[in-house]
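Accompanying notes for the structure given below.
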Amino acid sequence: MTGGDGDVTAAPAGPPPPLDWRFSQVFGERTAGEEVQEVDIISAIEFDKSGDHLATGDRGGRVVLFERTDTKEHGGSRKDLEKTDYPSGRHPEFRYKTEFQSHEPEFDYLKSLEIEEKINKIKWCQTANGAVFLLSTNDKTIKFWKVQEKKVKKIADMNMNMDVSKAVGNGNVASSSSQKSSHGVNGEYTDKSYTSLTLTKDLGFQSLRLPVVVTSNETSLVARCRRVYAHAHDYHINSISNNSDGETFISADDLRINLWNLEISNQSFNIVDVKPTNMEDLTEVITSAEFHPTHCNTLAYSSSKGSIRLIDLRQSALCDRHSKLFEEQEAPGSRSFFTEIIASISDIKFGRNGRYILSRDYMTLKLWDINMDAGPVSTFQVHEYLRPKLCDLYENDSIFDKFECCLSGDGMRVATGSYSNLFRVFGSGPTSTEATTLEASKNPMRRQVQTPARPSRSLSSSITRVVRRGAESPGNDTNGNSFDFTTKLLHLAWHPTENSIACAAANSLYMYYASNESTP
């Protein structure tokens, strides 16, 4: 529409078009009939802030690092490529970088408790001097790792001029001298470095050149554990989160949250403690905790009762009182034996700008606005068709599975996993109806279903809440197939700047990228 002064007034923008997801890469793909070893199952995934590095942890205590290659081949960052006259047209590609053993199985003799080596969480820290830093944790111990390239040191060839037949077991050193090696153009050694020892002639030694360690131009990646943060948690660690100040981080278990300084490993501060005086009075536990992405004094933690608490570190040393509480009121008459179990939040994530918090409970994803604590602004139903099967899920313990969630870098979409190696992507905009079901395989759209109808709205507590029901049919999965509870997609991560998702299906890491369907 054109105004009187010739300016163009843009029409109100509608929801972004649905994304067309495509398979990108797979690492550790299983062959047909191959048995998966327990230690190889992936238990954590995390992109760094730039999106150029990806880390995975497994149940065997290993951390595997991947690095992006498509930007390096073009000699610049993604932003630089976007400024060029021609479109990049390439999707993110990663390659294996290195791996290291982060944790080993331990045994706590005081408590007669076996501590698994399984990696629960990985968090990237700020890079410095070409090295990358990351935190990894198992149930009890957090470790701070530094990974950097180092030049390989080699031993120069030993050149010994002697008549072996005349050599005897002892002799006197007549003199010693050092010869310097000359350097080539690229730092290579054109002459061998050695230390020359001249021995008596009757021993047969004319000149004995001892080998010297020299530095070559070859490099190798070395992972070194810089610090170990231990003995601070009585219960299993479920979360670690970096602070935006780059100096501190938190670790959370079922009853406590501790604040650490990266430089100090023998001391932490307990900032949240929900342990009652009498353990019989315990009604809820901490399930997840995360720092605000930009406010270093703010963090959020979720509970097994389905609530999220926002706390301000400036209020007091022990944050036993929350500044905000986010929880959804229970509908009258809807309570059942499973209500509290499925309400337990397994994961929370802040949006990139810190305005929204995404939470995942057993049945749904919920999007919360930190300025509106009356209830979630949007609710996304992940697998509503499982509700009639809650009794079976309780019997086989699947109801206690902890699914993770993630947001896109622009905050326009959210994603989480389900059973049968499926994951779901929802549009989070107020008018978006996007709800895509994908399978962790080379053909992600194999189980694709139709986009559901426009979401229903209900006005409650002066907030418009959006509920999306994702075209499910009771009894089966989204495409009418029988459901497999043994294959579950618990862990996934969204690239911080692009529409790219990495997800774990057992021991395999699948990566997908997307573009708008309107794009040719």
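What you see is a predicted model; the values in this text were computed from it and never measured.
More than 12 heavy atoms of other residues, nucleotides or ligands shown are found within 6.0 angstrom of NZ on Lys146. Residue-environment remark: OH (Tyr394) stays at or below the threshold of 12 foreign heavy atoms within 6.0 Å.
Scored by the ring-ring contact (aromatic ring centres under 6.0 Å, His included) test, His236 finds no partners at all (sequence neighbours excluded). For His495, the ring-ring contact (aromatic ring centres under 6.0 Å, His included) partners are Phe47, not counting sequence neighbours. Applying the side chain to side chain contact (heavy atoms under 4.5 Å, CB included) rule to Asp40 yields the partners Gln37, Arg62, Asn507; only residues at least two apart in sequence or on another chain are considered. By the side chain to side chain contact (heavy atoms under 4.5 Å, CB included) test, Asp401 pairs with Ser398, Phe403, Tyr419, Lys488, Leu490, sequence neighbours left out. In this structure, Phe291 has no ring-ring contact (aromatic ring centres under 6.0 Å, His included) partners at least two apart in sequence or on a different chain. Judged as a ring-ring contact (aromatic ring centres under 6.0 Å, His included), and not counting sequence neighbours, the contacts of Tyr512 are Phe423.
Looking at heavy atoms from C-beta onward, Val64 lies in side-chain contact with Thr56 at the 4.5 angstrom threshold. Looking at heavy atoms from C-beta onward, Val425 lies out of side-chain contact with Leu19 at the 4.5 angstrom threshold. With a 4.5 Å cut-off on side-chain heavy atoms, Val222 and Thr98 do not count as touching. Using a 4.5 Å cut-off on side-chain heavy atoms (C-beta onward), Ile308 and Tyr301 make no contact. Counting heavy atoms from C-beta on, the side chains of Ile122 and Leu135 never come closer than 4.5 Å. Side chains of Ser251 and His233 form a contact here, defined as non-hydrogen atoms less than 4.5 Å apart. Met511 is not listed as a side-chain neighbour of Pro92, based on a closest heavy-atom distance of 4.5 Å or more. Arg309 is not listed as a side-chain neighbour of Lys324, based on a closest heavy-atom distance of 4.5 Å or more.
Closest of all the heavy-atom pairs between Phe94 and Gln25 is O-NE2, 2.6 Å. Residues Tyr385 and Pro388 come closest through the heavy atom pair O-CD, 3.3 Å. Between Ser50 and Thr497, the shortest heavy-atom distance links the atoms O-OG1, 4.5 Å. Nearest heavy atom pair, residue Pro376 against residue Thr379, reads CG-OG1, 3.8 Å. In plain terms, the two heavy atoms of Asp361 and Ala343 that are nearest each other are CB-O, 3.8 Å. Shortest non-hydrogen contact noted between Phe350 and Glu290 is N-OE2, 2.7 Å.
Arg360 and Thr416 share a donor-acceptor pair across their side chains, judged by distance under 3.5 Å alone. His103 and Lys118 form no side-chain donor-acceptor contact under 3.5 Å, judged by distance and modelled atom types alone. With no hydrogens or angles considered, no side-chain donor-acceptor pair links Ser24 and Arg22 at under 3.5 Å. Side-chain N/O atoms of Ser420 and Thr487 include no donor and acceptor closer than 3.5 Å. Donor-acceptor pairing under 3.5 Å is recorded for the side chains of Asn120 and Asp139. No side-chain N or O of Ser244 forms a donor-acceptor pair with one of Thr294 less than 3.5 Å apart. A donor-acceptor contact under 3.5 angstrom links the side chains of Trp145 and Ser102, judged on distance only.
Ile342 CD1 to Phe400 CZ: the interatomic distance, rounded to the nearest 0.5 Å, is 11.5 Å. In this structure, the separation between CZ on Phe144 and OG1 on Thr137 is 14.5 Å, given to the nearest 0.5 Å. Ser304 OG to Ile345 CD1: the interatomic distance, rounded to the nearest 0.5 Å, is 9.5 Å. Atom NZ of Lys97 and atom CG of Asp52 lie 9.5 Å apart (nearest 0.5 Å). In this structure, OG on Ser239 lies 7.5 Å from CD1 on Ile250, to the nearest 0.5 angstrom. Interatomic distance, CD1 of Ile45 versus CD1 of Ile119, reported as 13.5 Å (0.5 Å rounding).
Taking the charged nitrogens against the carboxylate oxygens, Arg59 and Glu116 have no contact shorter than 4.0 Å, which rules out a salt bridge. In this structure, Lys121 does not pair ionically with Glu46, as no charged nitrogen and carboxylate oxygen lie closer than 4.0 Å. Salt-bridge check for Lys402 with Asp347: failed, with every basic side-chain N at 4.0 Å or more from each acidic carboxylate O. For the pair Glu263 and Arg227, the salt-bridge criterion is met [side-chain N within less than 4.0 Å of a carboxylate O]. At a threshold of 4.0 Å, the pair Arg413-Glu434 counts as salt-bridged, since one of the basic side-chain nitrogens sits closer than that to a carboxylate oxygen. A salt bridge is absent between Lys366 and Glu327; no separation between the charged side-chain nitrogens and carboxylate oxygens falls under 4.0 Å.
Side-chain atoms of His383 come within 3.5 Å of backbone atoms of Tyr362 as a donor-acceptor pair (strictly under, hydrogens ignored). Here the side chain of Asp70 pairs a donor or acceptor atom with the backbone of Glu93 at under 3.5 angstrom. Between the Asn243 side chain and the Gly246 main chain, no donor and acceptor come within less than 3.5 Å of each other. The main-chain N or O of Gly60 is found under 3.5 Å from a side-chain atom of Gln101 such that the two form a donor-acceptor pair. Of the possible polar contacts, one joining the Asp410 side chain to the Met412 backbone as a donor-acceptor pair under 3.5 Å is found.
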Next on the checklist: Run Val377 and Met372 through side chain to side chain contact (heavy atoms under 4.5 Å, CB included) and show every step you take.
Outcome noted: CA-CA 8 Å; Val377 291; Met372 302 158 68; 4.2 Å; yes
Checklist entry - Checking side-chain hydrogen bond (donor to acceptor under 3.5 Å, both in side chains) for the pair Ser441/Asn443: CA distance, chi angles, key distance, verdict? => result CA-CA 5 Å; Ser441 68; Asn443 182 12; over 6 Å; no
Next on the checklist: Between Arg30 and Ser508, does the side chain to side chain contact (heavy atoms under 4.5 Å, CB included) criterion hold? Intermediate values first, please.
Outcome noted: CA-CA 7 Å; Arg30 281 175 292 164; Ser508 303; 4.2 Å; yes
Next on the checklist: What verdict does the side chain to side chain contact (heavy atoms under 4.5 Å, CB included) test give for Asn238 and Asp254, after you've listed the backbone C-alpha separation in whole Å, the side-chain angles of each residue and the deciding distance to 0.1 Å?
Outcome noted: CA-CA 7 Å; Asn238 55 47; Asp254 291 343; 3.8 Å; yes
Item to check | Verdict with supporting geometry, His53 and Trp124, side chain to side chain contact (heavy atoms under 4.5 Å, CB included) | outcome: CA-CA 9 Å; His53 292 91; Trp124 290 90; 3.6 Å; yes
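Ring centers of Tyr356 and Trp368: at least 6.0 Å apart, outside the cut-off. Less than 6.0 angstrom separates the ring centroid of Phe27 from the ring centroid of Phe66. Between Phe249 and Tyr229, a ring centre-to-centre spacing shorter than 6.0 Å is recorded.
Ring orientation note: the planes of Trp21 and Trp494 are nearly perpendicular, at an angle over 60° on the 30°/60° scale.
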